[in-house]
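Predicted, not measured: the structure shown is a model, and the values here were computed from it. Just so we're on the same page: letters track the sequence lines, and every chain starts at 1.
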Amino acid sequence: MSTLAAVPENAPRWPGLIPPVLIAIPFVLKLAGVPVANAWIIFALLFGLMLTGMPISISLGLTVLTYLFTMTTVPIESVALKLFTGIEKFEIMAIPFFILAGNFLTHGGVARRMINFASSMVGHWHGGLGLAGVMACALFAAVSGSSPATVVAIGSIILPAMLKQGFPARFGAGVVTTSGALGILIPPSIVMVMYAVATNTSVGALFIAGIVPGLVLAILLGLTTWWRARKNNYPRQKRASWLERWRAFRQSVWGLLLVIVVIGGIYTGMFTPTEAAAVSAVYAFLIAVFVYKDMTLAKVPKVLLDSASMSAMLLYIITNAVMFSYLMTSEQIPQELAAWMLGKGLGVIAFLLFVNIILLLAGNVMEPSSIVLIMAPILFPVAMKLGIDPVHFGIMMVVNMEVGMCHPPVGLNLYVASGITKMGITELTIAVWPWLLTMLGFLIVVTYWPGLSLWLPRVLGMIT
Amino acid sequence: MKFLDHLEEWLIAILMGAATLLIFVAVLHRYAAGMPIPVLQDALLAIDMSWAQELCIYMFVWMAKFGAAYGVRTGIHVGVDVMINQLPPATRKVYVLFGLLAGATFTAIVGTLGATFTWEIAQTSSTSPDLEIPKWIVYLCIPLGSYLMCFRFLQVAWHFARTGELPKHDVGHVEGIEEADSDAYVMAPGLHPADLTAGGRK
């Protein structure tokens, strides 16, 4: 698979100077007696370190240590304490549980049965299997909290089937890459837990708020698929009888029940989100191994190890991001940013536009969890000052992250899809455009129409 | 060395599974104890499960520290490599080594801070609120995990300096695809530095 052309021996070396120069400038200015805002020193350090390609978690941690060591007299021990207490919150523990549940579901044949159900329902319309793919992604998103996992679970089954029926590879890849992004918008969602942790917003309210925008986006992506398929006259399925539909539903009902367990359980207050995640992990294990029997007990240790390793990577970023956000707060950087924006007379509309542009740019170089953990603590206080609802702001960030996952250079979904289809990233990038444009349009709607996200949690009385 | 590798893998996999079961049982217990079944209810009410949340947090904190070390060995930690992957191999090698050594430095500092901190806590009689186990045992994961992570960074750096290879799952092969989901992060080459084999990025 070729993602970028191999770099020749004689490629220019000068970009290699960017990180050290970037880091050095504010320090030199400071030494030269020029007043430099602390924020610039911190951000120059962070971006400089990140550009060297070291893990994001390490660059966050080193930024904090370097800044404290060179610029302040704060004893490092007091901040290091944050390293120990940073992730001691029960809400954060939903992340490993949701990852584990997702892995059991992906391996356990749940996805295949959901696809069968979806294709029996919508397969006879224009777009056939493609439309079924969108619906299956939406269904799987309702049991899984991660987008790349959704792409793998649905894509690895539906893409080969689509190729066999005569769909162009581009069309299939475009559908699955973008619909898979629903994974983090339709609850449960790992990115929403990250946002909740970074801003002290209620995970439950965020989950419920994601339902309506998630369904709307699924319908929009479905419409795009339908329209493209009708224009190009792609194959359709034979209409399934109601008996066939009922059978497909019965087959997939074990997976669908999980939706009720998670959303119903959290909404009625039967479980906290973390407990719901743990229950769904055990439930997913039981149906994968004992009901569908698509996974053997011997594979369980491997699934546990993979889930543990991915959770640990995310938890390690959280630990260091907590330390970084402590530094932000103690240096009053969000307050300065807020004062600056209000001083410029920037209102809600301009601020939201600014946030979207920053996040879309960040989406070019980082993956969603890191972006949310770094940006939310900085932008959130400003949003609060401007009177933006915390839940609405969260949903907007999540939709923005979805867009970032579907375009290069770091779109996780894109790479997963490219692994399945064996298509190059450049070709895939062209393939996803029609759907990506739909998503960008949807992002504007979500940004400027808070009611779309806030209506359901308000009706249910979860927020005021 | 093999022994250490396996210990690491088993530790984090078992912690993951055990924590899940623990919370599941605690939830079951809470609801079962609420049901008016004569003898069973009294028996269940006699069992105190209030410590479950705390234990779960500690298990995951331990898992996170050792899992992060395991992640260095398998190359799962994500970074921003847009710039360095455009550099010629010789320059890139400098940056990759710098990144790895920076990781080793950071984890060594954190490990030492953690060791000092744990030592100070051990002098007090501070215990955790629900389980009432000494706090220093809980915090022991920080020096242990961080030093292990430091060791892993040095190991990877040494290997890279000699062979030009970084630990990375082969991006091109989505073997059976079943394996792919949990590797979604590893599969994204845009988040990991390309190594120096086969002219850099494949």
Open item on the list: With a 4.5 Å cut-off on side-chain heavy atoms, are A:Ile317 and B:Val78 touching?
Closed with: yes

- [ ] Please state whether the side chain, the backbone, both or neither of B:Met149 comes within less than 4.5 Å of a heavy atom of chain A.
- [x] side chain

Task: Side chain / backbone / both / neither for B:Leu100 at chain A, heavy atoms under 4.5 Å - done: neither

- [ ] Give the minimum heavy-atom separation between A:Ala312 and B:Ala68, together with the two atoms involved.
- [x] CB-N, 3.6 Å

Task: Flag, side chain of B:Tyr31 to backbone of A:Met270, donor-acceptor distance under 3.5 Å - done: yes

Open item on the list: Counting only non-hydrogen atoms closer than 4.5 Å, can you tell me which residues of residues 6-13 of chain B sit against chain A?
Closed with: B:Glu9, B:Ile12, B:Ala13

- [ ] Go through the atoms of B:Tyr95 and report whether side chain, backbone, both or neither lie under 4.5 Å from a heavy atom of chain A.
- [x] both

Task: A:Phe90, part contacting chain B, at a heavy-atom distance under 4.5 Å - done: both

Open item on the list: Can you tell me how far apart CE (B:Met59) and CE (A:Met93) are? Round to the nearest 0.5 Å.
Closed with: 12.0 Å

- [ ] Can you measure from CD1 (A:Ile56) to NE2 (B:His77) and round to the nearest 0.5 angstrom?
- [x] 12.0 Å

TODO: Quick one: pull up CD1 in B:Ile76 and OH in A:Tyr316 and give me the separation to the nearest 0.5 Å.
DONE: 14.5 Å

Open item on the list: Between B:Thr20 and A:Leu100, does the side chain to side chain contact (heavy atoms under 4.5 Å, CB included) criterion hold? Intermediate values first, please.
Closed with: CA-CA 9 Å; B:Thr20 313; A:Leu100 181 64; 3.4 Å; yes

Task: Distance, nearest 0.5 Å, that separates CZ of B:Phe24 from OG of A:Ser280 - done: 10.5 Å

- [ ] Flag the one option from B:Ala26, B:Gly71, B:Cys141, B:Ala102 with the top tally of heavy-atom pairs under 4.5 Å to chain A.
- [x] B:Ala102

Task: Over all atoms of both residues, closest heavy-atom pair of B:Met16 and A:Ser311 - done: SD-OG, 4.3 Å

Task: Which portion of A:Leu65 sits near chain B, non-hydrogen atoms under 4.5 angstrom - done: side chain

TODO: Might you point out which heavy atoms bring B:Ile84 and A:Gly53 nearest each other, and give the distance in Å?
DONE: CD1-CA, 4.2 Å

Open item on the list: Which atoms of B:Phe66 are under 4.5 Å from chain A, going by heavy atoms: the side chain, the backbone, both sets, or neither?
Closed with: neither

Task: Residue A:Ile318 versus chain B: region with a heavy atom under 4.5 Å - done: neither

Open item on the list: Would B:Tyr70 and A:Leu305 count as a side chain to side chain contact (heavy atoms under 4.5 Å, CB included) here? Give the steps.
Closed with: CA-CA 10 Å; B:Tyr70 171 75; A:Leu305 181 63; 3.4 Å; yes

Task: Part of A:Asp294 within contact of chain B (heavy atom distance under 4.5 Å) - done: neither

- [ ] Run the ring-centre check on B:Phe60 versus A:Phe97 and record whether the distance is less than 6.0 Å.
- [x] yes

Open item on the list: Quick check on the interface: out of B:Met63, B:Gln53, B:Glu54, B:Arg30, who has the most heavy-atom pairs with chain A under 4.5 Å?
Closed with: B:Gln53

- [ ] Would you please name every residue forming a side-chain contact (heavy atoms from CB on, under 4.5 Å) with A:Ala181, sequence neighbours left out?
- [x] A:Ser147, A:Glu402, A:Cys406, A:Asn413, A:Met439

Open item on the list: Using 0.5 Å steps for rounding, measure from the CD1 atom of A:Ile58 to the OG1 atom of B:Thr107.
Closed with: 6.0 Å

- [ ] Could you look at A:Phe271 and say if it's the side chain, the backbone, both or neither that has a heavy atom under 4.5 Å from chain B?
- [x] both

TODO: State the OG1-CG distance between A:Thr52 and B:Leu97, to the nearest 0.5 angstrom.
DONE: 11.5 Å

